[in-house]
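Please read the structure below before turning to the comments.
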Amino acid sequence: MRKYRRLLPSTSRLVAFVAVAKTGSITAAADALGLTQAAVSRQLRELEDFLGQNLANRTPKGIVLTSAGQRLIADLPAALDMICDAVEAAIEEGKTPSVTVFCDHSLTTSWLNRRVMEFEGAHPGINVQVLSSNRPPETFAGQFDVAVLHGRPETQGQESWLIAPDRVFPVCAPSMLQGMPAQPSLSDLLDFTLLEFAPTRRDWLHWPDFLKAHGIGTPPKPKTTFDSYAIAIEAARLGQGILLGWEIVVAPHLANGALTSIGPWDMDAPGGLRVHFSPRGLSDPARSFAQWLRHPDPSQSLTLPGV
């Protein structure tokens with residue numbers, strides 16, 4: 001026990017050091033931790049004072065770890081993970097098993113909510129909490145067990161399972177067809193407002209890529225962009241323009257006639273619909289939920305048109 005008191009500094013200082021080491025920047029570390037730069041700098045300095053070693057040097061290219069810093073970062077993240085796992089296990093002991101799933105608004109309303117209801121009916125001993133946001137999942141790191149996302153490329157530190165393939169194709173309100181040729185070409189669609197969702201999001205297929213794949217290399221920029229796919233769908237339903245529809249999401253709107261597909265053009269959605277999780281593993285409830293998303297009880301599952 002005396003060894004612990006002698007050698008273990010404050011965990012907040014250790015966490016600050018890990019953030020600085022991983023981001024290579026005091027500013028980025030402060031953003032990641034939700035602290036001020038001054039607070040992170042102070043915690044790093046206090047850790048160095050505790051160890052009697054300089055751990056990092058500031059350079060024009062960012063933070064460079066000293067040999068002592070490199071030795072510490074080699075084992076520290078795994079050790080902190082073990083501490084977090086132990087504390088989390090103690091907190092969860094005796095609680096009702098639960099799983100928190102991250103998903104964006106449009107996919108939550110069109111697909112996930114029904115799946116959660118079916119899962120809880122088949123697994124009454126497990127509670128599912130949904131964290132729904134149009135912000136990137138990295139914004140909520142550590143706040144959810146699994147994330148259900150369209151075709152995001154796997155990033156370092158993440159693993160994923162395919163839930164289902166998906167297709168992308170142009171959709172619009174039926175009323176817009178009246179202003180189009182009987183058999184429109186893809187070029188004809190450029191005469192209308194193209195609705196775009198989050199053009200900087202790398203996990204979604206966007207109009208320039210879709211048009212280029214079909215032989216149109218220099219399309220105009222979409223005239224209307226949205227930071228919410230649910231709002232983009234509503235704009236398409238109101239006849240404000242043409243949207244690239246992800247079949248799993250827009251299927252209910254196609255089924256009830258609020259939207260219609262245009263032409264024969266489509267593409268496989270990159271990556272399909274996937275459930276993402278940390279390679280550290282899943283809790284038993286989270287694993288049950290993730291596996292159920294891939295292979296639901298056929299008697300319980302909701303069948304979407306074209307899926």
Side-chain angles (χ1 to χ4, degrees), residues 22 32 77-78 80-93 95-166 197-198 201-205 228-230 246-249 251 269-298 300-302 304 307:
K22 285 186 172 294
L80 289 175
D81 283 343
M82 291 180 65
I83 294 173
C84 287
D85 289 344
V87 172
E88 184 177 31
I91 292 173
E92 296 301 321
E93 184 69 23
K95 286 187 176 181
T96 301
S98 66
V99 54
T100 300
V101 54
F102 174 90
C103 191
D104 69 48
H105 291 327
S106 58
L107 192 56
T108 297
T109 56
S110 65
W111 186 87
L112 182 64
N113 280 343
R114 181 63 179 267
R115 292 306 197 273
V116 169
M117 181 180 68
E118 294 168 353
F119 175 81
E120 290 184 330
H123 302 79
I126 301 177
N127 292 334
V128 179
Q129 300 172 356
V130 177
L131 174 57
S132 179
S133 175
N134 289 320
R135 299 170 66 185
E138 292 83 0
T139 307
F140 304 93
Q143 299 181 42
F144 57 86
D145 301 298
V146 298
V148 176
L149 305 166
H150 270 109
R152 286 175 64 91
E154 292 188 2
T155 56
Q156 184 177 5
Q158 289 290 314
E159 295 181 7
S160 68
W161 295 337
L162 177 68
I163 298 173
D166 202 0
F197 165 63
R201 285 272 296 269
R202 69 181 186 276
D203 50 323
W204 286 74
L205 185 67
S228 164
Y229 194 63
W246 292 64
E247 186 171 33
I248 288 177
V249 180
L273 184 65
R274 309 186 74 87
V275 54
H276 293 247
F277 53 91
S278 167
R280 289 172 49 198
L282 294 166
S283 66
D284 289 341
R287 180 171 295 278
S288 295
F289 181 73
Q291 290 177 337
W292 190 88
L293 287 178
R294 300 173 70 200
H295 306 292
D297 180 349
Q300 297 279 334
S301 65
L302 170 67
L304 296 178
V307 178

When rounded to the nearest 0.5 Å, the distance separating CG of Leu107 from CZ of Phe102 is 10.5 Å
For His123, enumerate each residue passing the side chain to side chain donor-acceptor pair (under 3.5 Å) test, keeping only those at least two apart in sequence or located in another chain. none
Ignoring hydrogens, what is the shortest heavy-atom contact between Ala290 and Trp161? Give both atom names and the distance. CB-CZ3, 3.7 Å
Could you go through Ile126 and Phe289, starting from their C-alpha distance and side-chain angles, then the distance that decides it, and tell me whether this counts as side chain to side chain contact (heavy atoms under 4.5 Å, CB included)? CA-CA 9 Å; Ile126 301 177; Phe289 181 73; over 6 Å; no
Answer yes or no: is there a donor N or O on one side and an acceptor on the other, between the side chain of Glu120 and the main chain of Val128, under 3.5 Å? yes
Kindly indicate, with the supporting measurements, whether the criterion side chain to side chain contact (heavy atoms under 4.5 Å, CB included) is fulfilled by Arg115 and Trp292. CA-CA 9 Å; Arg115 292 306 197 273; Trp292 190 88; 4.1 Å; yes
Leu162 versus Gly271, closest heavy-atom pair with distance: CD1-O, 3.5 Å
How many angstroms lie between atom CG of Leu149 and atom CG of Leu273, to the nearest 0.5 angstrom? 8.0 Å
Are Phe140 and Thr100 close enough, and set up right, to give a side chain to side chain contact (heavy atoms under 4.5 Å, CB included), and what steps lead you there? CA-CA 11 Å; Phe140 304 93; Thr100 300; over 6 Å; no
Minimum-distance pair of heavy atoms, taken over all atoms of Trp246 and Leu205: CZ2-N, 3.1 Å
Would you check, one step at a time, whether the test side chain to side chain contact (heavy atoms under 4.5 Å, CB included) holds for Val148 with Thr108? CA-CA 9 Å; Val148 176; Thr108 297; over 6 Å; no
Taking every non-hydrogen atom, the tightest pair across Ile248 and Ser110: O-OG, 4.3 Å
With sequence neighbours excluded, tell me which residues meet side chain to side chain contact (heavy atoms under 4.5 Å, CB included) with Ala32. none
So, for Asp145 and Ser98, which heavy atoms are closest and what is the spacing to 0.1 Å? OD2-O, 4.3 Å
Side chain to side chain contact (heavy atoms under 4.5 Å, CB included) filter on Thr109, not counting sequence neighbours, yields none
Find the distance between NE2 (His150) and CD1 (Ile163) and round it off to the nearest 0.5 Å. 9.5 Å
Of all heavy-atom pairs between Pro97 and Pro285, which one has the smallest distance, and what is that distance? CB-CG, 3.6 Å
For the side chain of Tyr229 and the backbone of Asp104, is there at least one donor-acceptor N/O pair under 3.5 Å apart? no
To the nearest 0.5 Å, how far apart are CG in Leu293 and CD in Glu118? 10.5 Å
Could you state the interatomic distance from CZ (Arg274) to CD (Glu159), rounded to the nearest 0.5 Å? 11.0 Å
Report yes if the side chains of His276 and Pro137 come closer than 4.5 Å at any heavy-atom pair, otherwise no. no
